[in-house]
Amino acid sequence: MSARFERFTGTMAPLPIQNVDTDQIIPASYLKVTDRSGLASGLFCRWRYRDGDPEGERNAGFVLNQPQHQNARILLAGDNFGCGSSREHAPWALVGYGFRAVISTSFADIFRSNALKNGLLVVPVTGEVSAALFDAVAADPATRVTIDLESRTLSLPDGGEAAFDVDPFARRCLLDGTDQLGYLLKQAAAIGAFEAEHPSRLDTRSA
Amino acid sequence: MTSASTRTLFEKIWRRHLVTAGERGLPATLFVDLHLVHEVTSPQAFTALAERGLTVRRPDLTLATMDHSTPTDPSIDDAKLRVLDPEGSAQLDQLQANCERHGIPLYAMGDERRGIVHVIGPELGATQPGMTVVCGDSHTSTHGAVGALAFGIGTSEVGHVLATQCLLQHRPNTYEVQVDGSLPEGVVAKDIILAVIAKLGIGGGTGHVFEYTGEAIRALDMEGRMTVCNMSIEGGARAGLIAPDEVTFDYLEGRPMAPSGEAWEAALEDWRSLPTDEGATYDRTTTIDGSALEPMVTYGTNPGMAIPIAGAIPEDRTIEPEKRASFLKALEYMALEPGQQLQGKPIDVVFVGSCTNSRYSDLLAAANVLRGRKVADGLRVLVVPGSDAVKRQAERDGLAQVFVDAGAEWREAGCSMCLAMNGDQLAPGQYAVSTSNRNFEGRQGAGGRTFLASPLTAAASAITGRVTDVREVLS
């Protein structure tokens, strides 16, 4: 899947919880789909809805149900966001809901990799920047930030800027709107040469 | 830094799988020796292939099984499943169709080779030292127990491997986790890994590959090593490795997909060259005294929130201020208090199973505690073997009868209540002692509360109906 990200300006939904695991982002009961659709309703559903049921009553206190954060397209989360299961349904659900980026002090490896393949930018920031953003959103939910992937900078509410790291290859793919599989397919000759030099010890069809 | 002539186990495996090394910020192209596939994380990858008119490059290096959403209730056949769980059933059908179309061997329902993907890989001898192994499942780290570089991938990457047998990867850092000493009685592999995660934190290994070393690791049998490597991901590391040794070779010899004859001898020579060289160094190192470990149990909503079973939940004042809100949120979910003891806490369910602890030795450990005893009144105990082969062996050897006689449910192989996709789940508010790997909110059923522990602790708790120190039952 190709996805593009250049620059995005918007408000943030604050989720000041550490170690948000992918089971919370999208529970296993949603993993029976055979496509990528229909996951947005399951996003954080155990926190969003009483009894976890999207048909049921909403938990008014949860950030995605608060009127002032309805239009937020940037998630501002606690440390180690996306830990646990490798399910790519997690970024699919976040993107399906409308999120364009997640800001956190740290991300789990597999989630980071999955997100960047789906146009969901992960923006790692220092603890200091994270705390300043949470404070700014608490003071004014309409606080906007700009994430610029070309310059790898996050514009801060106080007028400053914070640089962020991003895998340079994933960045190029997002800026160009190209996908990583295309890049791999172009290496067919090198892969063929590798296979010729390294005969495999295994044939899964043999048992 | 490691000098040019000395390398770690990880570096050796990494280097020999580089199709292109990657430079100037580009990722390396890493060849994959074995790609394991299951029903839940593959459908969209096959669709991506179809949309581009691509085929599976190496079906001979690909192996599929059904495990995540399969029923473990022996009375549910295909026809019943279609009614009970039409979505899950359709997903299984789709895996079957995809595998048939691309010539991928599939162990479908009823196949004697079927089981949890991370149980059958080693069991069949498909995962071997020095290999790269991937699967759309974070517990792929399990296969590192045989000295393979094994890690979980997302569905986009499943598509990449299906189409090219390769992955784009940045080289992770290395992290030696050295566990010295010999384990006291009642302390097993599961307690080691829970203690490691409690020490390093669940993000402690992010960006790294663990290599477990030390006397306590070397003394583990293969299945114990699988338990340790399995939960590497719960410490944030995508992969965990243990150097292959005679224990590994004895385990692999004669398995259906392991090399045989001259090929076995050649493989052995190669595998003996894999362990980390004397003098090679890791990016990070930590040391744990195995002789000081106790049976571990989790109290919170991530696997790092674990304590020795005789201990107490930390007081909130001992938690770093910026982590206190998440700590209290976890305890609120668990309906527990700071400073509380877990021992003696009444439970509703015991689950023995999952890719962490569902192998023969796990069932044997639990059966040895339960033999001649009864499950506590009103307690539900599920014993779910990791594979059909484990199930058959446990039935032949009388373990299944021990569980049934004690009053436990003896089920068909599958992931079952570890992630509760198949109907095996906790009711809201229930407490379980579980041998699985994740105690996340709702992981084992919406509103369910999980105490992760070893098969010994699970069996001891099954007898009393409370969180129980197995050492008290054994003495």
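In what follows, every chain begins at residue 1, and chains take the letters A, B, ... in the order their sequences are listed.
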Checking [X] against chain A: side chain, backbone, both or neither under 4.5 Å from a heavy atom?
{"X": "B:I153", "value": "backbone"}
{"X": "B:I233", "value": "side chain"}
{"X": "B:Q94", "value": "side chain"}
{"X": "B:H139", "value": "neither"}
{"X": "B:E39", "value": "neither"}
{"X": "B:R443", "value": "both"}
{"X": "B:D33", "value": "backbone"}
{"X": "B:S69", "value": "side chain"}
{"X": "B:N437", "value": "neither"}

(request) May I ask you to decide if A:N59's main-chain N or O and A:N65's side chain share a donor-acceptor pair within less than 3.5 Å? (result) yes
Counting heavy atoms not belonging to [X], are there more than 12 under 6.0 Å from its [atom1]?
{"X": "A:R50", "atom1": "CZ", "result": "no"}
{"X": "B:K329", "atom1": "NZ", "result": "yes"}
{"X": "B:D111", "atom1": "CG", "result": "yes"}

(request) Would you check if B:N98 and B:I104 make a side-chain contact, meaning some heavy-atom pair closer than 4.5 Å? (result) no
